Protein chains: 2
Amino acid sequence: MIMDERKFLILQAIVDDYITTAAPVGSRTISRKSGVGFSPATIRNEMSDLEQLGYLAQPHTSAGRVPSYKAYRLYVDQLLNVSKLPPEEREKMNAYLSKKTDQVGTLIRSAAAVISDATRYTSVIVAPKLSTLRIRNLQMVPVSDTLALMVIVTNAGIVKDTVIRVPEGITPDMLYEISRMLTEQLADKPIEAVRQLFAELIRDMGEHRRLLAEAMQVIEEKMTHADESDVVIGGGANMLSYPEYQDAGKAQNFLSVLESRDKLQKALAGGSGMEVTIRIGPENGLPELSDCSVLTATYQAGDDSVGRLGIIGPTRMNYSRAISVLRYVGMALSELLSDRK
Amino acid sequence: MIMDERKFLILQAIVDDYITTAAPVGSRTISRKSGVGFSPATIRNEMSDLEQLGYLAQPHTSAGRVPSYKAYRLYVDQLLNVSKLPPEEREKMNAYLSKKTDQVGTLIRSAAAVISDATRYTSVIVAPKLSTLRIRNLQMVPVSDTLALMVIVTNAGIVKDTVIRVPEGITPDMLYEISRMLTEQLADKPIEAVRQLFAELIRDMGEHRRLLAEAMQVIEEKMTHADESDVVIGGGANMLSYPEYQDAGKAQNFLSVLESRDKLQKALAGGSGMEVTIRIGPENGLPELSDCSVLTATYQAGDDSVGRLGIIGPTRMNYSRAISVLRYVGMALSELLSDRK
DNA sequence: TGTTAGCACTCAACTCGGTCGAGTGCTAAC
DNA sequence: GTTAGCACTCGACCGAGTTGAGTGCTAACA
C-alpha cells in the first residue's frame, strides 16, 4: 500500500479538523468538507488504509480517528503551508516590543508575552548565553574591602555580573586600572577566546595574578553553568485551557517542567540554524512533554546566534500560525538586539 | 447566643479536621476525636449554634459542615498554637540556603523553593526594592560612545543596573571620575535621600549637569516602577494537587494571578512589621484569590526592611506550619543578606 | 475496477430509577 | 444539660436502557 494524492488530501483534512476540535474525526465530517468530493464510505476505506500505515489511530471501535505523531510529522513536513502574519498583527507586535527595548531582560520578557498572547500557547525564551557573546567592557566595582562586583557588558548591551573576592591591598583605583586594561585587551573578543587571553595575562602580569585567576574562574563558571534566571516563560497557564490538560494531574506534570530550568533548557536545545525546528510529541525526548510539540528557533545579536526561543503547545497545535509567530518574533528580537549600539 | 469554651473546642476540632481532609466534617467525626467527650447529638446542637453564628456552613442538608472565613479568622487569631520547626528541618533549610548566598537573585529563588518545598504551597518573594536600600557604590560603565551602564551596588550586595544615555564628549575616564565622586557623596545614604543630594549636585556642578540629570531620572524611575523581574515564585504548580483546584478553570485563574506581577505585588503589599500577616479568603482583596489565604512577612538587610515574602495556599491551609516556615525562612534570609559585607 | 449505498454492529455518553450511607434535626428520656 | 433514637435528606454510586456517532463489510452501480 502506498500514499497517493487522495490519501494525503484526506489525512490533511483530518489533521486540520482535529487541530481545531480536539475530538476524533469521523468519515462524515471529512466528506462534508469542501474540497473533498467523496462519500463517507470511500473516506472510510482510505482511513482504514491510513490507520494500517500508522498515520491514524482509533481510541475505540466506534469513535472517529485521531492523528498519530507520524501524521503530524507528515503534515508538518509536506502538507503545511505557512502563511505570513497579517501586517496589522506584525505592526502591533512591533509596537509593543520596540517600547521595551531598554533593558534586555525586559525585552525578552515582553517577547515571551507577545508570543504566548498571539498563539495562546506557552512560550519560552533563553536569554543570551554568556558563551555566545562578545565582551565590550569589563569593570570591577568595589563592594567592600574584600568583595567586588565584576560587571561584564557584552554586545547588544547585555549585562552579566557576579561577585568576586578581591585579594587584600587592592584599592578601588587599582581595580579601575585593571578593569581598563582588561577591557582594552578583551574588547570585541568572543568570550570563547577569553580563556586563552586570560591565561597569557596571568602569566605576564605576576602582580595581580590572584585577582585575575579569581575573575577567570568566575567567568568560566558563568559560561558553563547556565544561570537559572536566564529562561523566561510566557503564558504558562495557557495550556490549561486546552481539553488535553483538563486533567489536573497532567496539568501539574506539564507545569512542573516549566519550573525545572534544566528540563526547559533541554527541551529548547539543539537545532542550531535560523530555521524553526519542530519536535513533535516523543521527539522532544522529555517524557513529560510526550504529548506536546516544541517549536524552537534561534535569535541573534549582530551576527552571532545568542539564544533560543520556543513555543510549547499540544501536538495538535496550529503549526502554521505558531511557526509564523515564532519566526516573526525571533526576527524582531534579533533586530532589536542588533540595533543597540 | 455566645461563644463558650466548648464551642471553641468544637470549632477548633472542625477546622483541624477540615484542614487535613478538605471534606465537610460531620458530628460523629468530631465526637470520635480524643479530647472531645461529647456525643454526636450534643456536637450537632453546638454545630447548629456555630452555623447560626456564622462560623460554619453546610453545602447541603445532609452533608457535614465546612468552616467559613470567619471560622478561619477566629482559628488563626485565638485557637492556633504555632509550633517551632524541628531542628533537623531548620538545619536542612539552612544548609540549602547558605550554599546559595553568592548572588542575591539566586538566594531569593532558593528561598522561594525552600518555602514551597517545605509547605507544598506556593511561595512568592519580592526582591529588595531599590527604594528601601542604601547605596554603597555607583559606577557608570561605558557601553558605547553614547550609552553607559549605570550600576548601583547597594547594601547586602544587591545590584541594580540600567542603561543611560551619555552626552557627547564624556570619556570613560571622566565617567569613572564622576562615578567616584558620586559614590563618595552618596555612600551609605538611603536612596530616599538621594534625590535631594542629586539636586544639589546638579546645581553645584554645572558641567556634567546633563549626565547627572539623566542618571537622576533613571534612578527615580527605577524607584517608582517596580521591576517585573523582582517577584520570584516557587511551587506555582503545587496548588494543583489540592482538591480545591482540580477544576481546570479555577487552576488557570489562580495561575494567571501568578503571571501578573501587579496582582502579586498587590497581594503581598501592606503589613509592614516583622510579624507574619495573615489574610484569609476575601480579605486579600483580589477576587481571584478569594478562596486562598495569603501569609506575608518582611525580610531585612541590616536594619532596613527591604522586601516581602509570602505563602499562598488554600484557605484550609496548615496555618501553623506555614507560619513557622515563613518566619524561619524570613529570618534566615535576613541573616544571610545582613552577613554580606 | 473504483465508488457508493445500505445495513448490521460497536461502544462511549447520557439518562433514569433504585439503593446506600453519611449526616442532620427533632423529640423524648435520662 | 446531655444523649439515645428515629425519621428524613440528599449526594454518590450502581446497573439497565437508550441514543447516536461511527465503523466494517457487502453488494450494487458506473
Side-chain angles (χ1 to χ4, degrees), chain A residues 1-11 13-18 20-33 35-68 71 243-244 246-247, chain B residues 1-11 13-18 20-33 35-68 71 243-244 246-247:
Chain A
M1 200 186 323
I2 198 163
M3 291 290 289
D4 56 15
E5 190 67 28
R6 195 169 70 183
K7 284 193 174 56
F8 279 121
L9 185 69
I10 289 174
L11 186 59
I14 292 173
V15 175
D16 275 336
D17 191 86
Y18 189 74
T20 61
T21 64
V25 187
S27 51
R28 297 186 62 90
T29 318
I30 299 304
S31 170
R32 269 197 297 268
K33 280 206 176 177
V36 188
F38 307 98
S39 78
T42 310
I43 311 260
R44 277 204 290 282
N45 288 332
E46 295 289 24
M47 281 165 97
S48 173
D49 290 355
L50 285 167
E51 185 171 355
Q52 203 85 52
L53 289 165
Y55 291 107
L56 295 178
Q58 250 182 323
H60 56 86
T61 9
S62 72
R65 259 111 172 170
V66 166
S68 69
E244 288 89 328
Q246 290 304 65
D247 175 57
Chain B
M1 202 189 318
I2 199 162
M3 291 290 288
D4 57 17
E5 191 67 27
R6 196 169 69 185
K7 284 194 174 56
F8 278 123
L9 185 69
I10 290 174
L11 186 60
I14 292 173
V15 175
D16 275 336
D17 190 85
Y18 189 74
T20 62
T21 64
V25 186
S27 53
R28 296 187 63 89
T29 317
I30 299 304
S31 170
R32 270 196 297 269
K33 281 205 175 177
V36 189
F38 308 99
S39 77
T42 312
I43 311 261
R44 279 207 287 283
N45 288 332
E46 294 289 24
M47 281 166 95
S48 172
D49 289 358
L50 285 168
E51 186 171 356
Q52 202 83 55
L53 289 165
Y55 291 107
L56 296 178
Q58 251 182 322
H60 56 87
T61 11
S62 72
R65 258 116 171 164
V66 165
S68 68
E244 288 89 327
Q246 290 304 66
D247 176 55

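Labels below follow one simple rule: chain letters A, B, ... track the order of the sequence lines, proteins then strands, and each chain is numbered from 1. All of these numbers come straight from a predicted model, not from anything done at the bench.
Spacing between atom CD1 of Ile30(B) and atom P of dA22(C) amounts to 16 Å, rounded to whole angstrom units. Atoms CD1 (Ile43(B)) and P (dG25(C)) sit 13 Å apart, rounded to a whole Å. In this structure, Asp17(A) places its CG atom 14 Å from C1' of dA21(D), rounding to the nearest Å. For the pair Leu56(B) CG and dG23(C) C1', the interatomic distance rounds to 14 Å; values are reported in whole Å. Here the C1' atom of nucleotide dT2(D) and the NZ atom of Lys7(B) are 14 Å apart, to the nearest Å. In this structure, His60(A) atom NE2 and dT10(C) atom P are separated by 14 Å, rounded to whole Å. At whole-Å resolution of the value, CE in Met47(B) and C1' in dG23(C) are 9 Å apart. Distance Asn45(B) CG to dA4(D) C1': 12 Å, rounded to the nearest Å.
Among all heavy-atom pairs drawn from Tyr18(A) and Ala23(A), the shortest one is CD1-O, 3.2 Å. Of all heavy-atom pairs spanning Ile14(B) and Val25(B), the tightest one is O-CG2, 3.8 Å.
Looking at Ser62(A), its side chain comes within 3.5 Å of the base of dT10(C) through a donor and an acceptor atom.
Annotation: side chain of Lys7(B) is not in contact with side chain of Tyr55(B) (no heavy-atom distance under 4.5 Å). Under the 4.5 Å side-chain criterion, counting only non-hydrogen atoms from C-beta, Arg65(B) is in contact with Ser48(B).
Comparing Arg6(B) and Arg44(B) by the nucleotide of DNA chain D whose heavy atom lies nearest to each, the residue mapping closer to the 5' end is Arg6(B).
Under the Watson-Crick or G-U wobble criterion, with both distances below 3.5 Å, dT27(C) is paired with dA4(D). Base pairing analysis places dG11(D) opposite dC20(C); the two distances defining the Watson-Crick or G-U wobble pair are each below 3.5 Å.
Side-chain nitrogen and oxygen atoms of Arg65(A) include at least one within less than 4.0 Å of the OP1 or OP2 phosphate oxygen of dG24(D). Phosphate contact (OP1/OP2 of dT24(C), side-chain N/O of Arg28(B), threshold under 4.0 Å): absent. Regarding contacts with the backbone of dT24(C), a side-chain N or O of Ser27(B) is found under 4.0 angstrom from either OP1 or OP2. Taking only side-chain nitrogens and oxygens, Thr61(A) comes nearer than 4.0 Å to OP1 or OP2 of dC11(C).
Residue Ser27(B) forms a side chain to side chain donor-acceptor pair (under 3.5 Å) with just one option from Arg32(B), Arg44(B), Glu46(B), and that option is Arg44(B).
When heavy atoms are screened at a 4.0 angstrom cut-off, Ala41(B) is found touching base atoms of the nucleic acid.
Side-chain proximity of Gln58(B) to the nucleotides dG24(D), dA4(D), dG25(C) is greatest for dG25(C).
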